[in-house]
Amino acid sequence: MGKTISVINQKGGVGKTTTAVNFAASLSALEKKVLLIDMDPQGNATSMSSIKGENFNTIYDMMADPSVKAVYPTKLPSMKIIPCNSDLTGAEIELLGVENREFVLKETLKKLKDKFDFIIIDSPPTLNILTVNNMVASDGIIIPIQCEYFALEGLSRIMETMNSIKSLNPSVEIYGILLTMYDKRVKLTYEVENDVREHFGDLVFDTVIPRNVKLSESPSFGMPILLYDVASIGAKKYLELAEEFLGRIN
Ligand code: ATP
Ligand code: MG
């Protein structure tokens with residue numbers, strides 16, 4: 001049975017989508033069967049894939065009707081994607097009237113879980129019902145954080161949300177906290193890193209993702225970093241992350 005992992009942080013622009021896409025691509029490069037799901041109405045992970053135009057089924061369609069087919073190929077043979085678009089914004093309101101609204105995504109993914117080694121879910125920058133659905137559907141979460149002021153406060157809010165959903169999904173784990181856009185030249189980076197490692201110890205991945213311009217360029221070419229520039233430090237580090245992750249869960 002595959003493992004489902006959500007990439008979560010309610011703060012915007014911390015590297016969730018970059019991590020979801022490139023972590024998924026790296027696992028696929030390590031010969032794992034991977035499904036990436038875009039659960040952010042902004043649709044950034046979708047535009048990082050090769051899906052073009054507006055004529056595609058989405059995770060929103062699948063949540064409304066599980067018989068809808070919305071699994072699409074990517075440029076990597078062992079990685080597939082379920083895209084989304086701004087329709088998903090409507091789900092936030094529509095779900096409010098649904099019984100067991102926290103379990104809709106989990107139910108939707110039941111049939112797919114045994115077809116993949118890993119299902120990676122990108123989340124919106126909120127802790128709303130969509131993010132709760134992600135947490136409930138997941139075996140574990142990865143939390144990317146940027147080394148800046150208030151990073152610890154943000155982390156404790158995610159932990160509180162995790163605790164509050166334990167009644168819905170008692171076995172959800174934190175697979176790791178990931179330092180992103182890491183810049184050795186900035187003193188604050190060290191200070192925040194020290195604080196986070198002191199508080200969260202082994203929960204923090206050894207691998208850190210440095211600031212790398214190639215990582216910010218690759219989305220405009222609709223590809224993960226591995227296909228855009230395999231020799232870049234960004235590509236190396238996301239591969240290293242996937243290896244560290246596999247070592248941890250085995
Ligand atoms: P949102 O909350 O809006 O969904 P996010 O948390 O998904 O944002 P990303 O979209 O992954 O964050 O990243 C925010 C911006 O920073 C993007 O322009 C992205 O290309 C860039 N970026 C992310 N990681 C890195 C990195 N390691 N080095 C350089 N740029 C990066
Ligand atoms: Mg994003």
Side-chain angles (χ1 to χ4, degrees), residues 5-26 36-49 51 58-60 81-89 91-92 120-135 138 141-148 150-151 153-155 157-158 161 176-186 188-189 192-193 196 204-242 244:
I5 304 149
S6 293
V7 181
I8 288 179
N9 192 327
Q10 74 278 12
K11 193 161 190 322
V14 296
K16 289 181 290 297
T17 304
T18 305
T19 297
V21 169
N22 291 301
F23 177 60
S26 299
L36 175 67
I37 303 181
D38 192 353
M39 273 291 282
D40 179 1
Q42 295 181 97
N44 293 339
T46 299
S47 42
M48 277 194 195
S49 74
I51 290 178
T58 66
I59 188 65
Y60 173 76
I81 182 169
I82 301 181
C84 85
N85 56 26
S86 57
D87 287 352
L88 192 60
T89 315
E92 288 170 35
I120 313 293
I121 307 176
D122 188 25
S123 306
T126 54
L127 291 172
N128 65 7
I129 185 69
L130 291 179
T131 309
V132 168
N133 262 270
N134 294 350
M135 283 186 175
S138 294
I141 68 170
I142 288 180
I143 310 168
I145 63 161
Q146 233 180 307
C147 293
E148 57 190 8
F150 306 124
E153 282 83 345
L155 270 175
R157 279 201 54 207
I158 302 171
T161 309
I177 296 166
L178 175 68
L179 304 177
T180 62
M181 293 180 248
Y182 187 92
D183 189 343
K184 277 192 234 171
R185 294 162 304 183
V186 179
L188 186 60
T189 297
V192 174
E193 179 178 22
V196 172
V204 189
F205 285 112
D206 295 335
T207 307
V208 299
I209 308 297
R211 224 172 240 295
N212 176 219
V213 69
K214 298 287 181 186
L215 279 169
S216 55
E217 286 169 4
S218 58
S220 55
F221 296 89
M223 46 175 93
I225 188 78
L226 276 176
L227 294 178
Y228 177 62
D229 187 347
V230 70
S232 65
I233 183 76
K236 286 204 183 98
K237 287 294 173 178
Y238 273 109
L239 263 176
E240 222 175 279
L241 174 69
E244 183 182 354

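As the structure lists them, so they are numbered: ligands from 1, and atoms in each ligand from 1.
With rounding to the nearest 0.5 angstrom, the CD1 atom of Ile209 is 6.5 Å from the OG1 atom of Thr207. A distance of 6.0 Å separates CG of Asp122 from CG of Asp40, quoted to the nearest 0.5 Å.
Inclusion of Lys16 in the set of residues having an N or O under 3.5 Å from an N or O of ligand 1 is warranted. When only interatomic distances are considered, the shortest N/O to N/O separation between Val213 and ligand 1 does not fall below 3.5 Å. Checked against a 3.5 angstrom limit, the closest N/O atoms of Pro210 and ligand 1 fall inside it. Taking any N or O of Gln42, backbone or side chain, at least one lies under 3.5 Å from an N or O belonging to ligand 1. By the 3.5 Å distance cut-off applied to N or O atoms, Val14 is counted among the residues near ligand 1. Taking distance alone, with nitrogen or oxygen atoms compared against 3.5 Å, Asp122 stays at or beyond that limit from ligand 1. Any N or O atom pair closer than 3.5 Å counts here, and Asn212 shares at least one such pair with ligand 1.
Ser6 places no side-chain N or O within donor-acceptor distance of the main-chain N or O of Ile8, the cut-off being under 3.5 Å. A distance-only check finds a donor-acceptor pair linking the side chain of Asn9 to the backbone of Pro144 [under 3.5 Å]. With hydrogens and angles disregarded, a donor-acceptor distance shorter than 3.5 Å links the side chain of Asp38 to the backbone of Thr46.
No side-chain donor from either of Thr126 and Gln10 sits under 3.5 Å from a side-chain acceptor of the other. Checked by atom type, the side-chain pair Glu193/Tyr182 shows a donor-acceptor distance below 3.5 Å. A donor-acceptor contact closer than 3.5 angstrom is absent between the side chains of Thr89 and Tyr60. Side-chain contact check for Thr58 and Asn85: no donor-acceptor pair (N or O, by modelled atom type) lies under 3.5 Å. Side chains of Asp183 and Thr189: no donor on one and acceptor on the other come within 3.5 Å.
Listed by atom number, the atoms of ligand 1 under 4.0 Å from Gly12 heavy atoms are 2 (O). Close contacts between ligand 1 and Ile209 involve ligand atoms 27 (N) [criterion: under 4.0 Å to a heavy atom]. Within ligand 1, counting atoms from 1 as listed, the ones closer than 4.0 Å to a heavy atom of Pro125 are 2 (O). Each of the following atoms of ligand 1 lies closer than 4.0 Å to a heavy atom of Leu215: 26 (C), 27 (N).
Across every non-hydrogen atom of Ala151 and Ile145, the tightest pair is CB-CD1, 4.2 Å. Shown here for Pro124 and Pro41, the closest heavy-atom pair between the two residues is CB-CD, 4.2 Å.
Ranking protein heavy atoms by distance to atom 10 (O) of ligand 1, first place goes to Thr17 CB, 4.1 Å. Protein heavy atom nearest atom 19 (C) of ligand 1, with residue, atom name and distance: Thr18 OG1, 3.8 Å. Scanning all protein heavy atoms for the shortest distance to atom 26 (C) of ligand 1 gives Met181 CG, 3.6 Å. Protein heavy atom in closest approach to atom 8 (O) of ligand 1: Gly13 N, 3.0 Å.
Ion pairing between a basic and an acidic side chain is recognised when a charged N comes within 4.0 Å of a carboxylate O; Lys11 and Glu148 show such pairing.
The option from Ala20, Ser216, Gly15 that lies nearest to atom 20 (O) of ligand 1, judged by heavy atoms, is Ser216.
Protein heavy atoms are found less than 4.0 angstrom from atom 13 (O) of ligand 1. For atom 23 (C) of ligand 1, the nearest protein heavy atom lies under 4.0 Å away. Taking a distance limit of 4.0 Å, we find that atom 29 (C) of ligand 1 is approached by some protein heavy atom.
Distances from ligand 1 to the non-hydrogen atoms of Thr180 include no value under 4.0 Å.
Not one N, O or S atom of Ser123 sits under 2.8 Å from the Mg ion (ligand 2).
Contact annotation for Asp40 and ligand 1: only side-chain heavy atoms (C-beta onward) come within less than 4.0 Å of the ligand.
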